[in-house]
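Read through the structure below, which is laid out as structure tokens, and then see the notes.
Start at 1 and go down the list; that is how both ligands and their atoms are numbered. Everything numeric here is computed off the predicted structure, so don't read it as measured data.
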Amino acid sequence: MISGQAMLAGVIGWPVGHSLSPKLHNRWIEEAALDAAYVPLAVMPENLAEALRGLPRAGFRGFNLTVPHKEAALWLLDEVDAVAQAIGAVNTVIVCEGKLLGTNTDHLGFIHNLQAKAGDLAPFKRRTVVIGAGGAARAVVYGLRSAGFEEIVITNRTQARAETLASQFDAEVVAWEKRAEALEGATLVINASSLGLAGRGALDLSLDALPKESLVADVVYTPLMTDLLVRAKAQGNPVATGLGMLVYQAAPGFAAWFGRKPAIAPGLEEWLLS
Ligand code: NDP
């Protein structure tokens with residue numbers, strides 16, 4: 001039950017009906033017995049600026065931004081921190097004395113999920129191959145650099161996008177046609193493209209050159225075990241599913257808005273997709 005003084009937060013997207021964030025945050029609210037609610041907010045791109053201004057006035061403590069608003073918000077908030085600027089997108093907004101402060105927690109979500117799945121990341125830091133150069137890849141590469149990963153190689157269908165990302169984060173680019181060869185000597189491989197998403201094509205990537213002890217991670221989480229992860233697991237590689245990235249990126253926002261650190265229980269990912 002929520003009262004008239006309930007603490008409010010939400011997620012703004014267009015469309016937003018597919019977002020798992022309301023299910024996740026409202027479970028954490030229930031577990032902590034908070035007088036709070038987290039709601040989906042369907043806002044068209046042309047209405048974003050107006051909606052952003054209205055939410056603090058309606059008592060919201062903050063919100064998440066999802067597709068297609070993450071980049072546009074950079075120009076519409078009162079302050080955007082250095083992390084969001086470097087990633088080029090805002091996913092979390094905190095209302096502070098009526099002002100909108102934007103940050104990005106996707107990189108933390110990615111690294112914390114990897115730690116939760118693989119434990120000590122030290123053995124996987126030598127050479128990382130990142131597939132993709134879109135929004136998710138930007139957060140992933142920022143996270144890898146912040147966490148001290150050494151060589152980073154980026155491969156993307158549109159090479160110019162890979163080059164822009166690589167030049168910002170001191171990474172190397174491998175041509176899309178050479179992606180399978182790039183896996184030789186890799187200690188970590190990440191699919192940060194949208195390939196593998198249910199209903200889209202699978203990622204066409206031979207794993208023959210990949211050492212068997214290398215960690216394979218995916219940011220795609222529908223299905224939880226993508227074709228890439230199924231094949232990697234079958235040949236004995238450790239794997240990290242992608243939904244944990246969504247869970248771990250959500251935790252800092254929850255803590256900032258509601259004053260509690262949420263518990264990340266075993267089985268949460270499967271429950272979210274159920
Ligand atoms: P973008 O649209 O920004 O980027 C898409 C990426 O996929 C680009 O690198 C694009 O290459 C590549 N791609 C798309 N179609 C093809 C294709 N047919 N062949 C080769 N490459 C292709 O999307 P995002 O980066 O925002 O999202 C990517 C995925 O990550 C989505 O599935 C999204 O759901 C997931 N995601 C997961 C998160 C999590 O919490 N687990 C968080 C954010 C995203 P090109 O540049 O050539 O177009």
Next on the checklist: Test your reading of the structure: does T158 have an N or O sitting under 3.5 Å from an N or O of ligand 1?
Outcome noted: yes

Item to check | Taking atom 23 (O) of ligand 1 as the reference point, the nearest protein heavy atom with its distance | outcome: G135 N, 4.5 Å

Checklist entry - In terms of hydrophobic clusters joined by side-chain contacts under 4.5 Å, are V80 and L55 together? => result yes

Next on the checklist: Can you tell whether the side chains of D120 and K125 come within less than 4.0 Å, N to carboxylate O?
Outcome noted: no

Next on the checklist: Residue-level breakdown please: for D106 versus ligand 1, do any non-hydrogen atoms fall below 4.0 Å on the side chain, on the backbone, on both, or on neither?
Outcome noted: neither

Checklist entry - With a cut-off of 4.0 Å, which atoms of ligand 1 are near a heavy atom of G242? => result 41 (N)

Item to check | Atoms in ligand 1 flagged as close to G132, the criterion being non-hydrogen separation under 4.0 Å | outcome: 9 (O)

Item to check | Check: R157 N/O within less than 3.5 Å of ligand 1 N/O | outcome: yes

Checklist entry - Does some non-hydrogen atom of the protein lie less than 4.0 angstrom from atom 2 (O) of ligand 1? => result no

Checklist entry - If we ignore angles and hydrogens, is there a donor and acceptor under 3.5 Å between the side chains of T226 and D218? => result yes

Item to check | For ligand 1, the portion of N156 having any non-hydrogen atom under 4.0 Å away | outcome: side chain

Checklist entry - How close does the nearest protein non-hydrogen atom get to atom 7 (O) of ligand 1, and which residue and atom is it? => result S194 N, 3.1 Å

Item to check | Nearest protein heavy atom under 4.0 Å from atom 33 (C) of ligand 1, yes or no | outcome: no

Checklist entry - Under 4.0 angstrom from ligand 1, any heavy atom of R161? => result yes

Next on the checklist: How about CD on E184, more than 12 heavy atoms from neighbouring residues, nucleotides or ligands closer than 6.0 Å, or not?
Outcome noted: no

Item to check | Connected via hydrophobic side-chain network under 4.5 Å: V239 and L268 | outcome: no

Checklist entry - For atom 42 (C) of ligand 1, which protein heavy atom lies nearest, and how many Å away is it? => result M245 CE, 4.0 Å

Next on the checklist: With the threshold set at under 4.0 angstrom, would you say V219 reaches ligand 1 through any of its heavy atoms?
Outcome noted: yes

Item to check | Geometric N/O contact A137 with ligand 1, under 3.5 angstrom | outcome: no

Item to check | A133 heavy atom under 4.0 Å from ligand 1 | outcome: yes

Item to check | Atom indices of ligand 1 within 4.0 angstrom of Y221 heavy atoms, with elements | outcome: 39 (C), 41 (N)

Checklist entry - Between R161 (side chain) and L165 (backbone), is there a donor-acceptor pair under 3.5 Å? => result no

Item to check | Per-atom contacts, ligand 1 versus W176 - under 4.0 Å to a heavy atom | outcome: 20 (C)

Checklist entry - Considering only protein heavy atoms, which is closest to atom 25 (O) of ligand 1, and at what distance to one decimal place? => result A136 N, 2.8 Å

Next on the checklist: List ligand 1 atoms under 4.0 Å from G134, heavy atoms only on the residue side.
Outcome noted: 3 (O), 4 (O), 9 (O), 25 (O)

Next on the checklist: Membership question, hydrophobic clusters at under 4.5 Å side-chain separation (ILVMFWY): are L20 and L197 in the same one?
Outcome noted: no

Next on the checklist: Parallel, tilted or perpendicular: which one describes the rings of W257 and Y38, with boundaries at 30° and 60°?
Outcome noted: tilted

Checklist entry - Looking only at atom types and distance, does a side-chain atom of N237 sit under 3.5 Å from a main-chain N or O of K212, one as donor and one as acceptor? => result yes

Checklist entry - Right, does atom 21 (N) of ligand 1 have protein non-hydrogen atoms nearer than 4.0 Å? => result yes

Next on the checklist: With no hydrogens and no angle check, just 3.5 Å: does a side-chain donor-acceptor pair link N113 and Q115?
Outcome noted: no

Checklist entry - Applying a strict 4.0 Å limit to heavy atoms, is F110 in contact with ligand 1? => result no

Item to check | Within 45° cone of W271 ring axis and under 6.0 Å: K23 NZ or CZ | outcome: yes

Next on the checklist: Looking at D106 and K70, is any side-chain nitrogen of the basic one under 4.0 Å from a carboxylate oxygen of the acidic one?
Outcome noted: yes

Item to check | Residues N91 and Q249: side-chain donor-acceptor under 3.5 angstrom | outcome: yes

Checklist entry - If you count the atoms of ligand 1 from 1 in the order shown, which ones are under 4.0 Å from a heavy atom of L246? => result 40 (O)

Item to check | Protein contact of atom 12 (C) of ligand 1 - nearest heavy atom, named by residue and atom, plus distance | outcome: S193 CB, 3.8 Å

Checklist entry - Quick one: which ligand 1 atoms are inside 4.0 Å of a heavy atom on V220? => result 32 (O)

Checklist entry - Below 4.0 angstrom, N of the basic side chain to O of the carboxylate: do K117 and E269 qualify? => result yes

